[in-house]
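Worksheet: one structure, shown below.
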Amino acid sequence: MPLASLTASLTSLIGDHGLYAVFFLMLVDAVLPAASEVVMLYAGAVAAGAFAGQHVVFFGSRIDSHFWGFVAMSLAGVAGNTAGSVIGWWIGYFGGRPLIERRGRWLHLGPENLDRAERWFERWGDWAVFIGRVTPVVRSFVSIPAGLARMQLPRFTVLSALGCMPWCFGIAGAGWALGSRYERFHHDFRYVDITVVVLVVVAAVAWYVRRRRSSRLARRGSDPAR
């Protein structure tokens, strides 16, 4: 299954590169969905010593304490996610809406998603950043709209970091608690993988049909003969 293969790739990357992989993957997740749940869950399990030969290493020094390994993995996730958030803010702030409207599809930010993000900010104000960071899926689409909204960088950075903390520490904590039972959990979790793939395919088909229908209606509306 594609999702299972992706999960295996992510866990292998974290197992081989530890803190640095967690930092990088969470940085990417700030602007593009990168399975942060899997990243932090596996990071917590590595910190708990669930896998032989995999340890938390910081600049060549092994962290022997499982607790401090968990803290280090969680902080790597927070730091990476916050750094990625600033990059996303920068893209929105300096690129502006014209850039996002032209290139937004690369970041999964089409006009409809942009409008939805703007309504989110209108409803929650600056706190949309904190709330978005602890909301699945939405958390990857907060940074660029915050830049578009001209939100001040210091306040954005603080709210992003505060929102990342419960997400990273909470999910890594679940992985740490699972410990040696992680492999069994991951084996059972394959059914969820299959369900997610099916849902993604259904959503993609629905999006395509809706897009075709919208394009057809737009052409009819602009046809002077009608």
Side-chain angles (χ1 to χ4, degrees), residues 1-14 16-17 19-43 73-74 76-118 120-121 128-149 151 153 156-157 159-161 163-168 170-172 192-193 196-197 199-204 206-208 211:
M1 295 295 292
L3 188 59
S5 177
L6 174 61
T7 300
S9 299
L10 292 176
T11 54
S12 176
L13 187 63
I14 296 168
D16 293 340
H17 302 287
L19 292 170
Y20 312 108
V22 171
F23 177 89
F24 173 75
L25 290 170
M26 294 303 289
L27 182 149
V28 173
D29 186 74
V31 290
L32 285 172
S36 63
E37 297 87 346
V38 175
V39 171
M40 295 312 305
L41 190 70
Y42 191 80
M73 284 292 206
S74 300
V78 172
N81 222 206
T82 303
S85 298
V86 172
I87 293 173
W89 177 92
W90 186 90
I91 293 172
Y93 190 92
F94 292 102
R97 190 177 181 103
L99 173 65
I100 305 304
E101 288 179 344
R102 290 197 310 272
R103 308 298 182 186
R105 64 183 183 279
W106 295 354
L107 302 170
H108 301 285
L109 270 178
E112 291 183 1
N113 288 337
L114 274 178
D115 291 339
R116 190 178 299 113
E118 288 179 346
W120 178 273
F121 273 89
V129 174
F130 177 83
I131 297 170
R133 287 288 171 228
V134 294
T135 305
V137 181
V138 173
R139 65 189 319 278
S140 296
F141 302 103
V142 170
S143 302
I144 293 176
L148 290 174
M151 184 176 179
L153 181 59
F156 169 78
T157 304
L159 288 173
S160 290
C164 291
M165 285 180 183
W167 184 267
C168 294
I171 298 177
V192 179
D193 283 353
V196 170
V197 170
L199 290 175
V200 168
V201 171
V202 171
W207 174 84
Y208 177 77
R211 183 180 178 87

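In what follows, residues are counted from 1 in the order of the sequence shown. The structure displayed is predicted, hence computed values, not measured ones.
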Answer yes or no: is there a side-chain heavy-atom contact under 4.5 Å between Met151 and Tyr93?
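No - every pair of side-chain heavy atoms lies 4.5 Å or more apart.
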
Side-chain heavy-atom pair Val39, Asp29 within 4.5 angstrom cut-off:
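Result no, sub-4.5 Å side-chain heavy-atom pair not found.
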
Minimum heavy-atom distance between [X] and [Y], given as atom pair plus value:
{"X": "Gly163", "Y": "Val134", "answer": "O-CG1, 3.2 Å"}
{"X": "Glu37", "Y": "Pro136", "answer": "OE2-CB, 4.3 Å"}
{"X": "Gly84", "Y": "Val31", "answer": "O-CG1, 3.8 Å"}
{"X": "Ser85", "Y": "Phe156", "answer": "O-CE2, 3.3 Å"}
{"X": "Val78", "Y": "Ala161", "answer": "CG1-O, 4.2 Å"}
{"X": "Gly77", "Y": "Met26", "answer": "O-CB, 3.6 Å"}

Step through the shown structure and confirm whether more than 12 heavy atoms of other residues, nucleotides or ligands are within 6.0 Å of CZ on Phe130.
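Atom CZ in Phe130 is packed in, count exceeds 12.
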
Under the side-chain hydrogen bond (donor to acceptor under 3.5 Å, both in side chains) test, residues paired with Trp89 that sit two or more places apart:
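In terms of side-chain hydrogen bond (donor to acceptor under 3.5 Å, both in side chains), with neighbours along the sequence ignored, Trp89 is linked to no residue.
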
Value rounded to 0.5 Å, distance of [atom1] in [X] from [atom2] in [Y]:
{"X": "Met73", "Y": "Tyr42", "atom1": "CE", "atom2": "OH", "result": "9.0 Å"}
{"X": "Ser36", "Y": "Ile171", "atom1": "OG", "atom2": "CD1", "result": "5.5 Å"}
{"X": "Leu148", "Y": "Phe94", "atom1": "CG", "atom2": "CZ", "result": "12.5 Å"}
{"X": "Leu25", "Y": "Tyr20", "atom1": "CG", "atom2": "OH", "result": "14.5 Å"}

Show your working on side-chain hydrogen bond (donor to acceptor under 3.5 Å, both in side chains) between Arg133 and Ser143 and close with a plain yes or no.
CA-CA 9 Å; Arg133 287 288 171 228; Ser143 302; 2.4 Å; yes

Tell me if a side-chain donor or acceptor on Asn81 pairs with a main-chain N or O of Leu27 at a distance below 3.5 Å.
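Judged by distance alone, no pair lies under 3.5 Å.
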
